[in-house]
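Contents: one structure, followed by commentary.
Whatever order the structure lists them in is the order used to number ligands and atoms, beginning at 1.
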Amino acid sequence: MDPIRIAVVGLGKIARDQHLPAIAGTPAFSLAATVSPHDPGTEGIPHLSSLDELLKKGPAIDAVALCTPPQVRYGLAVQALERGIHVFLEKPPAATLSEVAALRDRADKAGVTLFASWHSRFAAGVAPARAWLAERRIEKVSIVWREDVRVWHPGQAWIWEPGGLGVFDPGINALSILTHILPRPVFLRTATLSIPENRAAPIAADLSMCDTSGAEIHMDLDWRQTGPQSWDIVVETDAGTLRLSRGGSVLTTPTGTEHNEDLEYPGLYSRFANLIRGGRSDVDMAPFRLVADAFLRGHRETVEAFHD
Ligand code: NAP
């Protein structure tokens with residue numbers, strides 16, 4: 001079977017750190033081109049400054065991975081879907097829920113694959129955590145996602161703009177794990193969003209959620225963390241405590257700790273190839289809905305200005 005010719009659009013941090021190596025390591029794909037307005041590209045691969053230019057001039061492609069900031073993702077996805085090109089959306093899948101719904105409809109009508117990816121769901125501990133929790137009664141969940149924005153997002157202006165999500169940019173990763181490992185749907189009760197006086201998006205957030213059987217879920221998100229960073233989810237159950245730490249890669253249950261090699265992006269590309277070959281899409285909006293609910297229902301407080 002011929003490899004799927006893919007273009008990576010938005011040659012920024014995640015494209016270079018994860019997408020290019022994962023594509024190189026997945027025989028189902030061949031990297032046909034890269035696209036970015038201000039980047040020189042990588043040696044030996046055709047590089048264009050816009051998707052428009054790539055679609056006009058070639059090379060021919062079967063799929064795109066959209067690794068841009070979320071605010072421009074919808075327009076790029078439409079351009080690709082209109083031409084029957086399969087689309088891999090980095091997280092979050094777009095800037096609004098209605099954009100994602102419109103993309104899903106368009107992909108279905110065109111018979112093209114749309115993959116709204118959630119990389120943290122492919123962290124090593126997540127699948128075994130989901131399997132372990134499937135048989136348990138969930139009593140309480142605590143999420144602590146605290147990192148230093150200056151270390152992880154230096155100079156990323158888009159992340160502070162409307163649609164950039166602020167601290168929910170990493171926080172949605174925790175929500176993508178939560179909504180995958182819990183056996184029941186989750187909804188938001190209350191939220192507080194802390195927004196710097198000079199920014200449009202929150203630097204911290206505190207969320208109270210629950211699942212449909214009433215189990216309490218608390219989430220503490222903060223970008224002002226210095227020193228040790230935390231990406232931890234603790235689930236208390238009738239059979240003891242499960243802990244997922246380091247963003248989902250380390251799993252501890254009452255029987256011990258597992259730390260397997262993380263293959264998040266190879267896992268995503270293998271899933272994308274399977275979806276394309278099977279003529280299917282995968283668009284789960286649950287993590288994005290919870291973020292939207294926090295913005296809809298959250299109380300906003302203004303906090304001190306943030307400067308990079
Ligand atoms: P980034 O470093 O700011 O890169 C974004 C890239 O998008 C830039 O290279 C920019 O190109 C390009 N771009 C902007 N508008 C474009 C357009 N209209 N057409 C083509 N390219 C365009 O951001 P990032 O950290 O890689 O994050 C990108 C996405 O991946 C975000 O949604 C983020 O949540 C997600 N993500 C990031 C990480 C991470 O660790 N950083 C992890 C997982 C997922 P120029 O620089 O050439 O202008």
Side-chain angles (χ1 to χ4, degrees), residues 6-23 32-42 45-57 61 64-80 85 87-96 99-100 103 115-123 126 145 147-177 201-202 221 223 229 231 246-249 262-269 271-272 287-288 291 308:
I6 190 166
V8 171
V9 179
L11 209 48
K13 180 166 170 33
I14 198 61
R16 286 188 179 279
D17 288 358
Q18 297 291 346
H19 288 256
L20 298 185
I23 291 167
T34 54
V35 173
S36 237
H38 304 107
D39 193 283
T42 58
I45 302 293
H47 181 79
L48 299 108
S49 63
S50 71
L51 180 59
D52 214 29
E53 198 188 350
L54 170 64
L55 296 174
K56 278 185 191 137
K57 294 186 185 164
I61 53 168
V64 284
L66 300 182
C67 308
T68 63
Q71 293 98 330
V72 296
R73 206 125 56 208
Y74 172 77
L76 297 167
V78 167
Q79 276 186 285
I85 293 168
V87 174
F88 176 130
L89 301 167
E90 245 303 350
K91 49 76 23 177
T96 65
E99 284 181 350
V100 189
L103 291 178
F115 180 31
S117 71
W118 300 108
H119 64 88
S120 293
R121 287 183 175 175
F122 287 78
V126 172
W145 225 251
E147 63 179 43
D148 186 342
V149 65
R150 290 191 172 86
V151 171
W152 300 100
H153 301 281
Q156 285 186 337
W158 60 265
I159 220 163
W160 293 103
E161 296 296 329
L165 299 194
V167 74
F168 285 97
D169 177 81
I172 203 168
N173 297 333
L175 293 171
S176 74
I177 296 175
L221 282 179
W223 250 349
Q229 313 277 291
W231 299 283
R246 293 209 225 148
S249 58
D262 251 330
L263 295 169
E264 292 186 16
Y265 280 79
L268 287 175
Y269 275 95
R271 171 96 180 125
F272 189 37
F288 202 27
V291 173
D308 269 320

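- Under the 4.0 angstrom criterion for non-hydrogen atoms, Pro92 is in contact with ligand 1.
- Side chain of Gln71 to main chain of Pro162: a donor-acceptor pair is present (N/O by atom type, distance under 3.5 Å, no hydrogens or angles).
- The salt bridge (Lys or Arg N to Asp or Glu O under 4.0 Å) pairs that include a residue from residues 148-176 are Lys91-Asp169, where partners are two or more places apart or lie in different chains.
- The backbone N or O of Ser176 sits less than 3.5 Å from a side-chain atom of Arg121, completing a donor-acceptor pair.
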**Request:** Could you please spell out the steps behind the side chain to side chain contact (heavy atoms under 4.5 Å, CB included) verdict for Val64 and Leu76?
**Result:** CA-CA 9 Å; Val64 284; Leu76 297 167; over 6 Å; no

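- With hydrogens left out, the protein atom closest to atom 44 (C) of ligand 1 is Glu90 OE1, 3.3 Å, a heavy atom.
- Of all heavy-atom pairs spanning Trp145 and Gly247, the tightest one is CH2-CA, 3.8 Å.
- Ligand-side atoms of ligand 1 in range of Val9: 20 (C), range being under 4.0 angstrom from any heavy atom.
- Which parts of ligand 1 touch Leu11 is read off a 4.0 Å heavy-atom cut-off, strictly below it: atoms 9 (O).
- Taking every heavy atom of Cys67 and a limit of under 4.0 angstrom, the matching atoms of ligand 1 come to 5 (C), 28 (C), 29 (C).
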**Request:** Start with the C-alpha distance between His19 and Glu90, add both sets of side-chain angles, then the distance that settles side chain to side chain donor-acceptor pair (under 3.5 Å), and finish with yes or no.
**Result:** CA-CA 10 Å; His19 288 256; Glu90 245 303 350; 2.8 Å; yes

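- In this structure, atom 21 (N) of ligand 1 lies nearest to the protein heavy atom Pro37 CD, 3.3 Å.
- At least one N or O atom of Gly12, backbone or side chain, sits closer than 3.5 Å to an N or O atom of ligand 1.
- A donor-acceptor pair is defined here as one N or O able to donate and one able to accept, closer than 3.5 Å; such a pair exists between the side chain of Arg73 and the backbone of Thr68.
- Taking all atoms of both residues into account, the shortest heavy-atom contact from Leu11 to Arg16 is CD2-NH2, 3.6 Å.
- What sits closest to atom 12 (C) of ligand 1 on the protein, heavy atoms only, is Gly10 CA, 3.6 Å.
- For ligand 1, one of its N or O atoms has an N or O atom of Ile14 under 3.5 Å away.
- The contact set between ligand 1 and Asp169, taken as ligand atoms under 4.0 Å from a residue heavy atom, comprises 33 (C), 34 (O).
- No option in Phe122, Tyr265, Phe88 other than Phe88 meets the ring-ring contact (aromatic ring centres under 6.0 Å, His included) test with Phe272.
- Of all atoms in ligand 1, listed by their number and element, those nearer than 4.0 Å to a heavy atom of His38 are 45 (P), 47 (O), 48 (O).
- Looking at Leu76, Leu89, Leu51 and measuring to atom 19 (N) of ligand 1, the nearest heavy atom belongs to Leu76.
- Here the protein heavy atom with the shortest distance to atom 29 (C) of ligand 1 is Thr68 O, 3.5 Å.
- For Arg73, the closest heavy-atom approach to ligand 1 falls below 4.0 Å.
- For Lys13 against Trp152, the heavy-atom pair with the smallest separation is CE-O, 4.4 Å.
- Of all protein heavy atoms, the one lying nearest to atom 32 (O) of ligand 1 is Lys91 O, 2.9 Å.
- Side chain of His47 to backbone of Ser36: a donor-acceptor contact under 3.5 angstrom is found.
- Given atom 31 (C) of ligand 1, the protein heavy atom at minimum distance is Trp158 CH2, 3.5 Å.
- Scanning all protein heavy atoms for the shortest distance to atom 11 (O) of ligand 1 gives Ser36 OG, 3.2 Å.
- Nearest heavy-atom pair, Val8 versus Ala15, reported as atom, atom and distance to 0.1 Å: CG1-CB, 3.8 Å.
- Minimum interatomic distance between Trp118 and Pro93 (heavy atoms only, all atoms of both residues): CH2-CD, 3.5 Å.
- Protein heavy atom at the shortest distance from atom 18 (N) of ligand 1 is Val72 CG2, 4.0 Å.
- Considering backbone and side-chain N/O of His119, none are found under 3.5 Å from N/O of ligand 1.
- If you number the atoms of ligand 1 from 1 as listed, the ones under 4.0 Å from a heavy atom of Pro70 come out as 32 (O).
- Residue Tyr265 has no nitrogen or oxygen atom sitting less than 3.5 Å from a nitrogen or oxygen atom of ligand 1, judged on distance alone.
- Short contacts between ligand 1 and Pro69, defined as distances under 4.0 Å to a heavy atom of the residue, involve ligand atoms 5 (C), 7 (O), 14 (C).
- Among His153, Gln156, Lys13, the residue whose heavy atom lies nearest to atom 23 (O) of ligand 1 is Gln156.
- The two residues Ser50 and Val35 have their closest heavy-atom pair at C-CG1, 3.4 Å.
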